[in-house]
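Chain identifiers are assigned alphabetically (A, B, ...) following the order of the sequence lines, protein sequences preceding nucleic acid strands; residue numbering begins at 1 within each chain.
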Amino acid sequence: MALRFYNTMTRNKDDFQPIQTGKVRMYTCGPTVYNYAHIGNFRAYIFEDLLRRYLKFKGYQVVQVMNITDVDDKIIRDANKTGKSIREFTKSYQDAFFEDLDALGIERAEVYPAATDHIPEMVNLIKSLLDKGIAYRTDDGSIYFRVSDYPAYGKLAHLNIAEMQRGARVQSDEYEKEEIRDFALWKGWKDDDGPVYWETEIGKGRPGWHIECSAMSSKYLGKHFDIHTGGVDNIFPHHENEIAQSEAGTGEKFVNYWLHCEHLMVEGDKMSKSAGNFYRLRELLDKEIDATAIRYVLLSTHYRQKLNFTFDKVEAAAKSITRLRDFKKSLIGNTINDSQQIRKIIDKYLNDFEATLDDDLNISGALGSVFSCIHEINTFRETNSLTEDDVQAIVEYLNRIDSVLNVLEVPENQLSDEEQTLIDARQQARAERNWAEADRIRDELLSRGIILEDTPQGTSWKRKI
RNA sequence: GGCGACGUACCCAAGUGGCUAAGGGAGCGGUCUGCAAAAUCGUUAUUCACCGGUUCGAAUCCGGUCGUCGCCUCCA
C-alpha cells in the first residue's frame, strides 16, 4: 500500500508523492519563545517527530525546517516589562525548548531559523508584494496584504471570508487597514514597541507574524515544497495567510500536503496558554513523571484525534513501555539454528506495522501490531526455545520499529552505593533464608523506585517509570 | 450565526460496507516464585450514543435526534 496523508487542503487522504524522488522537504511551525512550552505544544512536535521518523523509515531523505518565532506582540510586551532586549529575553526559553525536545526524544530538524535572523528575507518578500500592488501602506508605517486581490483566499480553511461576520470582533484598531480581513505584513513602529524595531527599506518597524514562515520556508526549502504542518488552530488564519503571501509573491504553488494535528485537551477542554489550563513539560518532569511515558501518551493516539491528557494515561503508557522493554530484555537464545517460524512472524508483523502507518500514520494500529507480534513470539516460546538467530531477528525488528517509536531505549542509570548495599544485604538474607528481612529490604527499595525481580539467573533490578 | 470533528467494553483506543469488533491499561483465573513483584498464558462488547432508512449484508453509507469539543481572535 502506498503512503498517504490526510491533506487539509483537499480534505482527503491523498497518496504521497514527493516533488523530488526520494527526498521530502517539510516545514513545521515551531514555538513562540516567550515562555516554557506546554505539553499541548509538544503534542504537535511529537506528531511531527513521528512523521519525520516514519518518512525516514520509508527511506526518504528528510529536510525539515522549524521556525523559532522570537519577535511578536507578547515577546515585546514581556521583554519590555523586564527591561531586557528581546534577544536576551527569548534566549532562555529557546534553550529550554531544545532541552524539552531532547527529554521527549524528538529528533532534531535540519534547520531552526529564528525570525529575527531573517528580517532582510521578509523585507524582500514584502517589497515584491508592494511592487505587485497586492500590499499597501498605511499612515502609521504598517504594510497590509490586500485579501481582495487574492481571490483564492480561504481555500485551505474552507471559510467563506466574504461572508464571515464582520465586526463581531472589532479589533482594538491599533492599526488602520482597508478591510478587516486584511492582515499585517509589517507593523510600523509605535511607542509601546520601545527599542524593538528594524530600520529597513520599507520603513521602521517589525514583521507581522505570518511573513516569517513564508520567507524562511522559501529560503531553506524553495518556493514549492512537499509538506507543511502545524496545529489545527494554525489553519486559520496563519496558514491561510502564508499561502496568500507566498503564492501571491511567487506565483507558484506553495505546498503540496498540509497536515494538521488536533488539540490536546485537559479534562475535556482545549489546553492553551490563554485559557490557563495547561501543564508545562518541565513541571511534569519535576514531579518525577517519566518523559518517555509522556512521549508515549502524546504519540499513541492518532494525530487527528483530540487527545484528553490524564495521569491514568501516563501510568498506562509507562506500563506499556515497561512491557516492551522487558520483552527485549528477556530475549535469550540457546542454540544457533535458525527457525523459519520466527522470521515468518516478524515479517508478517513488520508488514502490518508499515501498512497501518502508511495509512495516514495510524499509530494505534501500528502499536497494536507490535503487541500482537510480541504475543505471538511469547506463545511460540512457551513450547520452543529461541535460537540465537531468532533473537537477532527479533532485536532487529524491535530496533526497526523503535526507529519510529523511540521508546525502547532505557536511560542510563546506575545504583547508588547505598542501593547496591541494600541489594547485597538482601541477597545475603535470602541465602540465609531470612525471608522477613529480604522482603523488608525489597519493600524499601521499591519505595525508592527500584523494582527487584528474582529469576533463576539471579536477581535483577530496574527503575520504576 | 457560519464551518467542522467526535460519541466503540470498567478506562484508553484501532477498525469506515461482508472473515470470530485490533491492541494497551485494569479486573478475574492459571503458570512461574520461598512468598511476592515482574513476566507470561487464558478470560472480560451477540455489540459499536439513540431513532429511522439504503443494502442480501452497516460500527462502517444516508437522514434525523441527543451529547461533547474545536475553528471563525493570539494559539500547536
Side-chain angles (χ1 to χ4, degrees), chain A residues 8 11 28-32 34 37-48 69 72-74 154 157-161 163-165 168-172 180-181 209 229-238 240 260-265 268-275 278 296-298 300-308 310 312-324 326-327 329-330 352 356 359 362-375 378-379 381-382 430 433-436 438-439 442-443 445-446 451-456 459-462 464:
Chain A
T8 306
R11 307 273 156 142
T28 50
C29 275
T32 301
Y34 74 101
H38 59 65
I39 54 171
N41 300 128
F42 286 110
R43 185 193 187 187
Y45 306 136
I46 292 268
F47 147 64
E48 287 150 5
T69 300
D72 89 322
D73 292 357
K74 286 173 188 156
H158 292 222
L159 289 173
N160 187 342
I161 304 300
E163 296 297 315
M164 271 167 49
Q165 280 192 358
R169 174 185 173 275
V170 178
Q171 295 206 328
S172 44
I180 196 148
R181 59 188 184 157
W209 172 38
T229 72
V232 286
D233 50 359
N234 280 154
I235 296 172
F236 191 87
H238 184 51
E240 194 67 60
H260 292 98
C261 171
E262 255 298 348
H263 282 303
L264 188 72
M265 322 282 285
D269 288 316
K270 173 185 169 184
M271 160 149 63
S272 72
K273 284 182 188 170
S274 51
F278 59 90
Y296 193 96
V297 171
L298 299 180
S300 58
T301 295
H302 185 80
Y303 75 94
R304 285 192 291 113
Q305 279 288 344
K306 290 180 186 74
L307 193 167
N308 199 18
T310 64
D312 283 354
K313 274 187 188 164
V314 175
E315 238 171 82
K319 286 175 180 158
S320 297
I321 295 166
T322 302
R323 206 172 143 208
L324 292 169
D326 285 351
F327 172 75
K329 206 167 70 175
S330 74
D352 269 11
T356 45
D359 184 12
N362 180 355
I363 187 70
S364 310
L367 285 168
S369 90
V370 171
F371 283 103
S372 297
C373 180
I374 289 176
H375 176 243
N378 280 330
T379 305
R381 273 206 292 189
E382 290 254 287
R430 289 189 79 217
R433 305 182 69 80
N434 183 353
W435 307 125
D439 292 352
R442 185 171 61 198
D443 288 347
L445 284 164
L446 182 61
I451 297 168
L452 294 185
E453 290 163 15
D454 297 328
T455 71
T459 300
S460 69
W461 64 275
K462 68 184 175 196
K464 190 173 189 302

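- Here B:C71 presents its P atom at 11 Å from CD1 of A:I235, a figure rounded to the nearest Å.
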Going through the distances and angles, do A:T459 and A:D454 end up as a side-chain hydrogen bond (donor to acceptor under 3.5 Å, both in side chains)? CA-CA 4 Å; A:T459 300; A:D454 297 328; 2.8 Å; yes
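- Between A:R11 atom CZ and B:A5 atom P the separation is 8 Å, expressed in whole Å.
- Spacing between atom CZ of A:F236 and atom P of B:C3 amounts to 16 Å, rounded to whole angstrom units.
- Between A:K313 and B:A13 there is a side-chain N or O to OP1 or OP2 distance below 4.0 Å.
- A salt bridge is absent between A:E262 and A:R304; no separation between the charged side-chain nitrogens and carboxylate oxygens falls under 4.0 Å.
- Distances shown here put a side-chain N or O of A:R323 below 4.0 Å from the OP1 or OP2 atom of B:G25.
- Using a 4.0 Å heavy-atom distance criterion, A:S320 is classed as a sugar-phosphate-only contact.
- A donor-acceptor pair under 3.5 Å links the side-chain atoms of A:H38 to the main chain of A:G40, judged by distance alone.
- The distance from atom NZ of A:K306 to atom P of B:C12 is 15 Å, rounded to the nearest whole Å.
- Distance CD (A:E315) to P (B:C12): 15 Å, rounded to an integer number of Å.
- Computed from coordinates, the A:M271 CE to B:G70 P distance equals 13 Å when rounded to whole Å.
- Residue-level contact check: A:P237 touches the backbone only, with heavy atoms under 4.0 Å from sugar-phosphate atoms and none from bases.
- Taking 4.0 angstrom as the limit, A:K270 places a side-chain polar atom (N or O) nearer than this to OP1 or OP2 of B:C71.
- Atom CD of A:E453 is separated from atom C1' of B:A36 by 12 Å (rounded to the nearest Å).
- For B:A39, neither phosphate oxygen OP1 nor OP2 lies less than 4.0 angstrom from any side-chain nitrogen or oxygen of A:N378.
- Summarising the geometry, the separation between CZ on A:R304 and P on B:U16 is reported as 12 Å, rounded to the nearest angstrom.
- The environment of A:K464 atom NZ is sparse: at most 12 non-hydrogen atoms of other residues, nucleotides or ligands sit within 6.0 angstrom.
- Judged by distance alone, with hydrogens and angles left aside, A:R442 brings a side-chain donor or acceptor within reach of the base of B:C35, the pair sitting under 3.5 Å.
- Aromatic stacking is not marked for A:F371 over B:G24, as the cut-offs of 5.5 Å for the centres and 30° for the planes do not both hold.
- Within 6.0 Å of atom CZ in A:R433, 12 or fewer heavy atoms from other residues, nucleotides or ligands are found, so the atom counts as exposed in its surroundings.
- The side chain of A:H375 places an N or O atom within less than 4.0 Å of a non-bridging phosphate oxygen (OP1 or OP2) of B:C41.
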